[in-house]
Amino acid sequence: MSLIVQKFGGTSMGSIERIKQVAGRVIKEKNEGNDVVVVVSAMSGETNRLLDLAVKMGGKQDDMETDLIISSGEQISSGLLSLALKNEGYDAVPMLGHQVRITTDESYGKARISSIDSENIRRMLKSGKIVVIAGFQGIDSNGFITTLGRGGSDTTAVAVAAAVKADRCDIYTDVDGVYTADPNIVQDARRLDVVYFDEMIEMSSLGAKVLQIRSVEFAMKYGVNLFVKSTFVDGNGTQIKFIGEEESMEELQVSSVACDKDEAKISIRGIPDRPGIAAKIFSKISSANIVVDMIIQNISIEGHTDLTFTVSKKDLKKALEITEELAKELDAKEVLSDDKIAKVSVIGVGMRNHYGTASTMFDVLAKENINIMMISTSEIKISCVIDAKYAELAARILHDAFNLGRQN
Ligand code: ASP
Ligand code: MG
């Protein structure tokens, strides 16, 4: 007998019919003799609808009222799934974050879990019940409801799995695993049987929507045995795991290609090149809660330099206002911005053991006459910022060049 945590996303919970289908997946695990804890998301579109209501009433993302409002979608889902299980003759119990006792800090809208009391869950399991937990929500030390950031039910599931020491945590979604590239862009994209934690963190931070990045970090920290599976088709899905001793060093150089159109770039031209300027610019930007991704600074000419950086598109307006004000203060020449950019990346732990990944990537882009505007690298990732109109083409030719397509 194993203890399994299953998590079902918004699409899987999207209608009464689908919730019945989800109940079937839960029952299957239970019938195999396992203890089952389920974590559910709100029905698809529901969180957006609730957020919209809160915003119309003047609520901001970090207001406690907004969290109280948007957390309610998961409450409905857990009740509905519990009912569906009872209809099939199974004993189930719906639980909200505070009933489990998922405690968080007080950052409304993006709270971090500080502890999970596994006692209540264990007691329910002991009495034979299937526990159905509302994802995405917790309470702060004052007892007020918090939410864990968009996509946060993944983190609830992984955190619960860590707390109860589950044998497995299965994240069920509308795709049957993690792919070598977005199958909507790259036709011969392939499902991966295994993705390593380091790779998954890069993929999530590059905008792959399969798993919330925090959930991956959490799983890595606590060694949760994590899978991504499809609610709608049977299969083993993708396992996210640590690189084991047994892993061959012959692994692929690159395991996936990502394409992110969510960023925009800002350049400040002709700023004085002296200590403290970058510190000034980026501290102003970060204090506005804007995350900067890539940064390049040009070589200095006659005591002046150019600085270019990227932010997410939704932050462009605010970041531009701040930059323009600073440019005046610093007597810079001009501020330019461009939101028609894309970031294409190749990711793979195999890069550690291969030479020339970067040069292959640059070659491939050059052959198609695609200009690279910015480059950033990590040990297992290379990203290039290019013109948005070449994003899909770049993803396809890189996928080909690194032999990621379906092997026939
Ligand atoms: N319902 C929340 C959202 O839409 C949490 C989740 O689905 O994971 O972001
Ligand atoms: Mg999700």
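In listed order, ligands and their atoms are each counted from 1. Throughout, numbering of the chain's residues begins at 1 and tracks the sequence.
Taking all heavy atoms of Q212, Q137, E74 into account, the minimum distance to atom 2 (C) of ligand 1 is reached by E74.
Among all non-hydrogen protein atoms, the one lying nearest atom 3 (C) of ligand 1 is R150 NE, 3.3 Å. Closest to atom 7 (O) of ligand 1 among all protein heavy atoms lies S41 OG, 3.0 Å.
Contact between G152 and ligand 1 is present, with at least one heavy atom of the residue lying under 4.0 Å from the ligand. For G151, the closest heavy-atom approach to ligand 1 falls below 4.0 Å.
Heavy-atom contacts from other residues, nucleotides or ligands closer than 6.0 Å to CD of E217 number more than 12. Within a 6.0 Å radius of NZ in K28, other residues, nucleotides and ligands contribute 12 heavy atoms or fewer.
At under 3.5 Å, a nitrogen or oxygen of T47, whether backbone or side chain, sits near a nitrogen or oxygen of ligand 1. Close N/O approach between D154 and ligand 1 is not found [any backbone or side-chain N/O within under 3.5 Å].
Under a 4.0 Å N-O distance rule, the pair D193/R191 qualifies as a salt bridge.
S230 approaches F232 most closely through the heavy-atom pair OG-N, 2.9 Å. Listed here is the closest heavy atom pair of G9 and K7: CA-NZ, 3.6 Å.
Between S12 and the choices T231, D174, T173, the side-chain hydrogen bond (donor to acceptor under 3.5 Å, both in side chains) rule is met once, by T231.
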